[in-house]
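Below, read A as the first sequence line, B as the second, and so on, with proteins coming before strands; counting in each chain starts at 1. What's counted below: heavy atoms across the whole structure, side chains too, no hydrogens, waters or symmetry copies. All of these numbers come straight from a predicted model, not from anything done at the bench.
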Number of protein chains: 2
Amino acid sequence: MPESKNAPLGDCCEETAVHEDLIESVRADMPDIAVLYDLAELYRIFADSTRIRILYVLFEKEVCVCDIAELLNMTVSAVSHQLRLLRGAHLVRFRRVGKVCFYSLADDHVKTIIGQGIEHLTEG
Amino acid sequence: MPESKNAPLGDCCEETAVHEDLIESVRADMPDIAVLYDLAELYRIFADSTRIRILYVLFEKEVCVCDIAELLNMTVSAVSHQLRLLRGAHLVRFRRVGKVCFYSLADDHVKTIIGQGIEHLTEG
DNA sequence: TTATCATTTGAACGATTGTTCAAATGATTA
DNA sequence: TAATCATTTGAACAATCGTTCAAATGATAA
(Lines give C-alpha, C1' and ligand atoms only; values in the text may rest on other atoms or scores of the structure.)
Protein backbone atom coordinates (compact mmCIF):
# COMPACT_ATOMS: atom_id res chain seq x y z
CA MET A 1 0.00 0.00 0.00
CA PRO A 2 1.62 3.27 -1.16
CA GLU A 3 1.83 6.36 1.03
CA SER A 4 -0.53 9.18 0.13
CA LYS A 5 1.17 12.35 -1.04
CA ASN A 6 -1.28 14.50 -2.94
CA ALA A 7 -4.36 13.98 -0.81
CA PRO A 8 -4.50 16.09 2.35
CA LEU A 9 -6.14 14.63 5.43
CA GLY A 10 -9.76 15.57 6.04
CA ASP A 11 -10.06 18.46 3.65
CA CYS A 12 -9.56 18.71 -0.07
CA CYS A 13 -11.00 20.73 -2.94
CA GLU A 14 -11.11 23.58 -0.39
CA GLU A 15 -14.49 22.32 0.85
CA THR A 16 -14.20 20.68 4.23
CA ALA A 17 -17.70 20.50 5.62
CA VAL A 18 -19.46 17.84 3.54
CA HIS A 19 -16.45 15.71 2.86
CA GLU A 20 -15.73 14.77 6.46
CA ASP A 21 -19.15 13.18 6.91
CA LEU A 22 -18.94 11.51 3.52
CA ILE A 23 -15.62 9.94 4.29
CA GLU A 24 -16.88 8.63 7.60
CA SER A 25 -19.94 6.96 6.11
CA VAL A 26 -18.12 5.48 3.12
CA ARG A 27 -15.40 4.05 5.33
CA ALA A 28 -18.07 2.45 7.51
CA ASP A 29 -19.85 0.78 4.59
CA MET A 30 -16.73 -0.41 2.76
CA PRO A 31 -16.31 -4.19 3.00
CA ASP A 32 -13.20 -5.71 4.49
CA ILE A 33 -10.14 -5.21 2.30
CA ALA A 34 -9.56 -8.97 2.17
CA VAL A 35 -12.99 -9.50 0.61
CA LEU A 36 -12.23 -6.89 -2.04
CA TYR A 37 -8.98 -8.64 -2.89
CA ASP A 38 -10.79 -11.97 -3.24
CA LEU A 39 -13.42 -10.26 -5.37
CA ALA A 40 -10.81 -8.80 -7.71
CA GLU A 41 -9.13 -12.19 -7.91
CA LEU A 42 -12.43 -13.79 -8.90
CA TYR A 43 -13.05 -11.30 -11.69
CA ARG A 44 -9.50 -11.70 -12.90
CA ILE A 45 -10.52 -15.23 -13.88
CA PHE A 46 -13.22 -13.83 -16.18
CA ALA A 47 -10.83 -11.22 -17.56
CA ASP A 48 -9.48 -13.40 -20.36
CA SER A 49 -11.31 -14.42 -23.50
CA THR A 50 -9.74 -17.88 -23.53
CA ARG A 51 -11.12 -18.67 -20.09
CA ILE A 52 -14.54 -17.26 -21.01
CA ARG A 53 -14.56 -19.44 -24.11
CA ILE A 54 -13.70 -22.46 -21.97
CA LEU A 55 -16.59 -21.67 -19.65
CA TYR A 56 -18.92 -21.33 -22.63
CA VAL A 57 -17.85 -24.75 -23.88
CA LEU A 58 -18.88 -26.16 -20.51
CA PHE A 59 -22.28 -24.43 -20.53
CA GLU A 60 -24.08 -27.43 -22.00
CA LYS A 61 -22.30 -30.47 -20.62
CA GLU A 62 -19.00 -31.76 -19.29
CA VAL A 63 -16.20 -31.85 -21.88
CA CYS A 64 -12.79 -33.47 -21.84
CA VAL A 65 -9.61 -31.40 -22.08
CA CYS A 66 -8.64 -32.35 -25.60
CA ASP A 67 -12.13 -31.60 -26.90
CA ILE A 68 -11.93 -28.14 -25.30
CA ALA A 69 -8.55 -27.65 -26.92
CA GLU A 70 -9.90 -28.63 -30.30
CA LEU A 71 -12.98 -26.43 -29.95
CA LEU A 72 -10.82 -23.42 -29.13
CA ASN A 73 -8.10 -24.41 -31.60
CA MET A 74 -5.48 -24.23 -28.86
CA THR A 75 -2.85 -26.56 -27.46
CA VAL A 76 -3.91 -28.95 -24.71
CA SER A 77 -1.20 -27.45 -22.51
CA ALA A 78 -2.53 -23.91 -22.79
CA VAL A 79 -6.05 -25.11 -22.00
CA SER A 80 -4.82 -27.12 -19.04
CA HIS A 81 -3.06 -24.10 -17.58
CA GLN A 82 -6.28 -22.11 -17.75
CA LEU A 83 -8.36 -24.95 -16.36
CA ARG A 84 -6.05 -24.91 -13.37
CA LEU A 85 -6.95 -21.28 -12.70
CA LEU A 86 -10.65 -22.00 -13.19
CA ARG A 87 -10.37 -24.89 -10.73
CA GLY A 88 -8.58 -22.68 -8.22
CA ALA A 89 -11.46 -20.21 -8.35
CA HIS A 90 -13.95 -23.06 -7.86
CA LEU A 91 -15.64 -22.20 -11.14
CA VAL A 92 -15.23 -25.69 -12.65
CA ARG A 93 -15.11 -29.24 -11.36
CA PHE A 94 -13.56 -32.27 -12.99
CA ARG A 95 -13.82 -36.02 -12.78
CA ARG A 96 -11.40 -38.55 -14.14
CA VAL A 97 -12.62 -41.44 -16.29
CA GLY A 98 -9.63 -43.62 -17.07
CA LYS A 99 -7.14 -41.46 -18.87
CA VAL A 100 -9.64 -38.74 -19.69
CA CYS A 101 -10.51 -35.73 -17.49
CA PHE A 102 -14.00 -34.31 -17.92
CA TYR A 103 -14.58 -30.73 -16.82
CA SER A 104 -17.90 -29.09 -15.97
CA LEU A 105 -19.23 -25.89 -14.41
CA ALA A 106 -19.09 -25.85 -10.62
CA ASP A 107 -22.36 -23.95 -10.12
CA ASP A 108 -24.75 -21.49 -11.76
CA HIS A 109 -22.88 -18.36 -10.69
CA VAL A 110 -20.74 -18.60 -13.78
CA LYS A 111 -23.79 -18.28 -16.02
CA THR A 112 -25.31 -15.42 -14.03
CA ILE A 113 -22.07 -13.47 -13.85
CA ILE A 114 -21.44 -13.85 -17.58
CA GLY A 115 -25.09 -13.03 -18.22
CA GLN A 116 -24.81 -9.77 -16.26
CA GLY A 117 -21.71 -8.85 -18.24
CA ILE A 118 -23.43 -9.42 -21.57
CA GLU A 119 -26.41 -7.42 -20.35
CA HIS A 120 -24.13 -4.50 -19.52
CA LEU A 121 -22.50 -4.68 -22.94
CA THR A 122 -25.73 -4.87 -24.93
CA GLU A 123 -27.73 -2.36 -22.88
CA GLY A 124 -24.94 0.17 -22.51
CA MET B 1 -4.42 -16.81 -32.53
CA PRO B 2 -1.88 -19.64 -32.15
CA GLU B 3 -1.87 -22.68 -34.37
CA SER B 4 -3.14 -25.92 -32.81
CA LYS B 5 -0.56 -28.66 -32.55
CA ASN B 6 -1.66 -31.20 -29.98
CA ALA B 7 -5.34 -31.38 -30.79
CA PRO B 8 -6.22 -33.68 -33.71
CA LEU B 9 -9.10 -32.74 -35.94
CA GLY B 10 -12.42 -34.39 -35.20
CA ASP B 11 -11.23 -37.20 -32.97
CA CYS B 12 -9.39 -37.20 -29.71
CA CYS B 13 -9.21 -39.38 -26.61
CA GLU B 14 -9.68 -42.25 -29.04
CA GLU B 15 -13.45 -41.78 -28.89
CA THR B 16 -14.77 -40.23 -32.05
CA ALA B 17 -18.49 -40.85 -32.05
CA VAL B 18 -19.90 -38.55 -29.37
CA HIS B 19 -17.36 -35.79 -29.74
CA GLU B 20 -18.20 -34.84 -33.30
CA ASP B 21 -21.80 -34.02 -32.37
CA LEU B 22 -20.71 -32.20 -29.23
CA ILE B 23 -18.29 -30.02 -31.11
CA GLU B 24 -20.92 -29.13 -33.67
CA SER B 25 -23.49 -28.07 -31.10
CA VAL B 26 -21.04 -26.12 -28.92
CA ARG B 27 -19.67 -24.27 -31.93
CA ALA B 28 -23.23 -23.34 -32.91
CA ASP B 29 -24.12 -21.95 -29.47
CA MET B 30 -20.83 -20.10 -28.88
CA PRO B 31 -21.27 -16.31 -29.11
CA ASP B 32 -19.34 -14.26 -31.59
CA ILE B 33 -15.67 -14.05 -30.73
CA ALA B 34 -15.85 -10.25 -30.67
CA VAL B 35 -18.49 -10.37 -27.91
CA LEU B 36 -16.27 -12.67 -25.85
CA TYR B 37 -13.37 -10.25 -26.21
CA ASP B 38 -15.55 -7.35 -25.07
CA LEU B 39 -16.79 -9.46 -22.18
CA ALA B 40 -13.26 -10.28 -21.05
CA GLU B 41 -12.34 -6.61 -21.37
CA LEU B 42 -15.29 -5.67 -19.14
CA TYR B 43 -14.32 -8.13 -16.42
CA ARG B 44 -10.73 -6.98 -16.63
CA ILE B 45 -11.98 -3.69 -15.18
CA PHE B 46 -13.30 -5.50 -12.11
CA ALA B 47 -10.10 -7.54 -11.82
CA ASP B 48 -8.27 -5.02 -9.66
CA SER B 49 -8.95 -4.26 -6.00
CA THR B 50 -8.21 -0.57 -6.44
CA ARG B 51 -10.92 -0.21 -9.07
CA ILE B 52 -13.37 -2.24 -7.00
CA ARG B 53 -12.67 0.01 -4.03
CA ILE B 54 -13.29 3.06 -6.20
CA LEU B 55 -16.62 1.62 -7.33
CA TYR B 56 -17.56 0.94 -3.70
CA VAL B 57 -16.81 4.55 -2.81
CA LEU B 58 -19.29 5.59 -5.50
CA PHE B 59 -22.01 3.22 -4.27
CA GLU B 60 -23.72 5.85 -2.14
CA LYS B 61 -23.23 9.11 -3.96
CA GLU B 62 -20.98 10.99 -6.34
CA VAL B 63 -17.51 11.76 -5.00
CA CYS B 64 -14.73 14.03 -6.26
CA VAL B 65 -11.35 12.66 -7.29
CA CYS B 66 -9.35 13.92 -4.34
CA ASP B 67 -11.89 12.51 -1.88
CA ILE B 68 -11.60 9.13 -3.57
CA ALA B 69 -7.84 9.40 -3.34
CA GLU B 70 -8.02 10.21 0.34
CA LEU B 71 -10.50 7.42 1.08
CA LEU B 72 -8.22 4.88 -0.62
CA ASN B 73 -5.04 6.50 0.71
CA MET B 74 -3.65 6.75 -2.82
CA THR B 75 -2.28 9.50 -5.02
CA VAL B 76 -4.74 11.51 -7.08
CA SER B 77 -2.78 10.50 -10.16
CA ALA B 78 -3.16 6.78 -9.57
CA VAL B 79 -6.88 7.21 -8.94
CA SER B 80 -7.30 9.31 -12.06
CA HIS B 81 -5.63 6.65 -14.19
CA GLN B 82 -8.07 4.05 -12.90
CA LEU B 83 -11.06 6.36 -13.32
CA ARG B 84 -10.07 6.67 -16.94
CA LEU B 85 -10.40 2.91 -17.37
CA LEU B 86 -13.72 2.90 -15.53
CA ARG B 87 -14.97 5.68 -17.78
CA GLY B 88 -13.83 3.77 -20.87
CA ALA B 89 -15.90 0.78 -19.77
CA HIS B 90 -18.92 3.04 -19.18
CA LEU B 91 -19.04 2.00 -15.54
CA VAL B 92 -18.80 5.56 -14.17
CA ARG B 93 -19.91 9.01 -15.26
CA PHE B 94 -18.49 12.33 -14.20
CA ARG B 95 -19.55 15.94 -14.16
CA ARG B 96 -17.39 18.97 -13.71
CA VAL B 97 -18.26 21.65 -11.15
CA GLY B 98 -15.72 24.40 -11.41
CA LYS B 99 -12.35 22.88 -10.77
CA VAL B 100 -13.76 19.74 -9.20
CA CYS B 101 -14.76 16.53 -11.03
CA PHE B 102 -17.47 14.44 -9.39
CA TYR B 103 -17.68 10.79 -10.33
CA SER B 104 -20.68 8.48 -9.95
CA LEU B 105 -21.80 5.02 -11.03
CA ALA B 106 -23.09 4.84 -14.59
CA ASP B 107 -25.86 2.32 -13.92
CA ASP B 108 -26.93 -0.50 -11.60
CA HIS B 109 -25.01 -3.22 -13.43
CA VAL B 110 -21.96 -2.45 -11.34
CA LYS B 111 -23.81 -3.29 -8.14
CA THR B 112 -25.38 -6.45 -9.52
CA ILE B 113 -22.10 -7.73 -10.98
CA ILE B 114 -20.23 -7.10 -7.74
CA GLY B 115 -23.14 -8.60 -5.81
CA GLN B 116 -22.95 -11.80 -7.86
CA GLY B 117 -19.24 -12.01 -7.22
CA ILE B 118 -19.65 -11.67 -3.47
CA GLU B 119 -22.41 -14.28 -3.57
CA HIS B 120 -20.07 -16.70 -5.29
CA LEU B 121 -17.36 -16.08 -2.72
CA THR B 122 -19.57 -16.45 0.33
CA GLU B 123 -21.66 -19.39 -0.92
CA GLY B 124 -18.78 -21.33 -2.42
C1' DT C 1 7.72 -54.69 -17.86
C1' DT C 2 7.31 -51.33 -21.93
C1' DA C 3 4.54 -48.39 -24.80
C1' DT C 4 1.17 -45.16 -25.55
C1' DC C 5 -2.34 -41.81 -24.49
C1' DA C 6 -4.45 -37.78 -21.78
C1' DT C 7 -3.21 -34.47 -18.92
C1' DT C 8 -0.41 -31.72 -15.87
C1' DT C 9 3.54 -29.05 -14.64
C1' DG C 10 7.72 -25.85 -14.69
C1' DA C 11 10.61 -22.65 -16.99
C1' DA C 12 10.99 -19.15 -20.26
C1' DC C 13 9.45 -15.64 -23.29
C1' DG C 14 7.09 -11.42 -24.91
C1' DA C 15 3.08 -8.71 -23.74
C1' DT C 16 0.26 -6.33 -20.58
C1' DT C 17 -0.69 -4.01 -16.09
C1' DG C 18 -0.67 -0.60 -12.00
C1' DT C 19 1.83 2.83 -9.84
C1' DT C 20 5.04 6.73 -9.61
C1' DC C 21 6.90 10.95 -11.12
C1' DA C 22 6.89 15.01 -13.73
C1' DA C 23 4.67 17.82 -16.90
C1' DA C 24 0.45 19.51 -19.03
C1' DT C 25 -4.57 20.92 -19.10
C1' DG C 26 -8.81 23.27 -17.33
C1' DA C 27 -10.86 26.41 -14.31
C1' DT C 28 -11.03 29.87 -10.77
C1' DT C 29 -9.32 33.90 -8.31
C1' DA C 30 -6.29 37.85 -7.47
C1' DT D 1 -2.17 39.06 -16.72
C1' DA D 2 -0.19 35.61 -13.16
C1' DA D 3 -0.95 32.34 -9.54
C1' DT D 4 -3.14 28.50 -7.67
C1' DC D 5 -6.03 24.44 -7.41
C1' DA D 6 -8.10 19.94 -9.26
C1' DT D 7 -7.36 16.84 -12.48
C1' DT D 8 -5.40 14.58 -16.45
C1' DT D 9 -1.77 12.71 -19.18
C1' DG D 10 2.69 10.42 -20.83
C1' DA D 11 6.83 7.98 -19.90
C1' DA D 12 9.08 4.72 -17.17
C1' DC D 13 9.45 0.97 -14.07
C1' DA D 14 8.75 -3.48 -11.76
C1' DA D 15 5.34 -6.99 -11.49
C1' DT D 16 2.04 -10.00 -13.42
C1' DC D 17 -0.07 -12.66 -17.28
C1' DG D 18 -0.86 -16.10 -21.21
C1' DT D 19 1.30 -19.02 -24.26
C1' DT D 20 4.89 -22.22 -25.83
C1' DC D 21 8.01 -25.89 -25.28
C1' DA D 22 9.80 -29.77 -23.04
C1' DA D 23 9.53 -32.84 -19.38
C1' DA D 24 6.85 -35.25 -15.91
C1' DT D 25 2.64 -37.66 -14.05
C1' DG D 26 -1.37 -40.90 -14.17
C1' DA D 27 -3.71 -44.50 -16.32
C1' DT D 28 -4.56 -48.07 -19.63
C1' DA D 29 -3.14 -51.78 -22.72
C1' DA D 30 0.21 -54.93 -24.86
Spacing between A:Ile52 atom CD1 and D:dG18 atom C1', to the nearest angstrom: 15 Å

Atom pair distance, as rounded to whole Å: CZ in A:Arg84 and C1' in D:dT19: 15 Å

Sequence-distant partners of A:Asp32, side-chain contact (heavy atoms from CB on, under 4.5 Å), two or more places apart: A:Ala34, A:Val35

Pair listing, ring-ring contact (aromatic ring centres under 6.0 Å, His included) test, anchored in residues 48-68 of chain A, at least two apart: A:Tyr56-A:Phe59

Between D:dT19 (C1') and A:Arg53 (CZ): distance, integer Å: 13 Å

hbond_proxy B:Ser80 side chain to D:dT9 base (donor-acceptor, 3.5 Å cutoff): no

With sequence neighbours excluded, residues passing side-chain contact (heavy atoms from CB on, under 4.5 Å) with A:Ser80: none

Whole-Å distance separating the CZ atom of B:Phe94 from the P atom of D:dT7: 11 Å

Residue pairs involving residues 40-49 of chain B (criterion salt bridge (charged side-chain N to carboxylate O under 4.0 Å, His left out); sequence neighbours excluded): none

B:Tyr103 side-chain N/O to D:dA6 phosphate OP1/OP2 under 4.0 Å: no

C:dT20 phosphate, OP1 or OP2, under 4.0 Å from B:Ser77 side-chain N/O: no

Reading 5' to 3' through nucleotides 25-30 of chain C, protein heavy-atom contacts under 4.0 Å coded B for base, S for sugar-phosphate only, - for none: -BBS--

Residues that A:Ser104 engages under side-chain hydrogen bond (donor to acceptor under 3.5 Å, both in side chains), provided they are two or more places apart: none

4.5 Å side-chain heavy-atom contact, A:Val63 and A:Ile54: no

B:Glu62 CD to D:dT7 C1', straight-line distance once rounded to whole Å: 16 Å

Can you tabulate the close N/O pairs, meaning under 3.5 Å, that link protein atoms to atoms of nucleotides 11-18 of chain C?
unit_1: C:dT17; atom_1: OP1; unit_2: B:Arg44; atom_2: NE; d: 3.3
unit_1: C:dT17; atom_1: OP1; unit_2: B:Arg44; atom_2: NH1; d: 3.0
unit_1: C:dG18; atom_1: OP1; unit_2: B:Arg51; atom_2: NH1; d: 2.9
unit_1: C:dG18; atom_1: OP1; unit_2: B:Arg51; atom_2: NH2; d: 2.6
unit_1: C:dG18; atom_1: OP2; unit_2: B:Arg51; atom_2: NH1; d: 3.3

A:Phe102 CZ to D:dA27 P, straight-line distance once rounded to whole Å: 15 Å

Validation row: A:Ile113, B:Tyr43 side chains within 4.5 angstrom (heavy atoms): yes

Expected output: side-chain B:His120 to main-chain A:Ala89 donor-acceptor under 3.5 Å: yes

Bend angle of the helix from C:dT1-D:dA30 to C:dA30-D:dT1, from helix axes over five pairs at each end, nearest 10°: 10°

Any side-chain heavy-atom pair of A:Ile33 and B:Arg53 under 4.5 Å: yes

Length of the line joining B:Asn73:CG and C:dT19:P, which is rounded to integer Å: 13 Å

Under 4.0 angstrom between B:Arg87 side-chain N/O and D:dT8 OP1 or OP2: yes

Length of the line joining B:Leu83:CG and D:dA6:P, which is rounded to integer Å: 16 Å

Short side-chain donor-acceptor distance under 3.5 Å, B:Thr112 and A:Gln116: yes

Min side-chain heavy-atom separation A:Asp107-A:His90 under 4.5 Å: no

Pairs flagged by salt bridge (charged side-chain N to carboxylate O under 4.0 Å, His left out) wherever residues 76-96 of chain A is involved - sequence neighbours left out: A:Glu62-A:Arg95

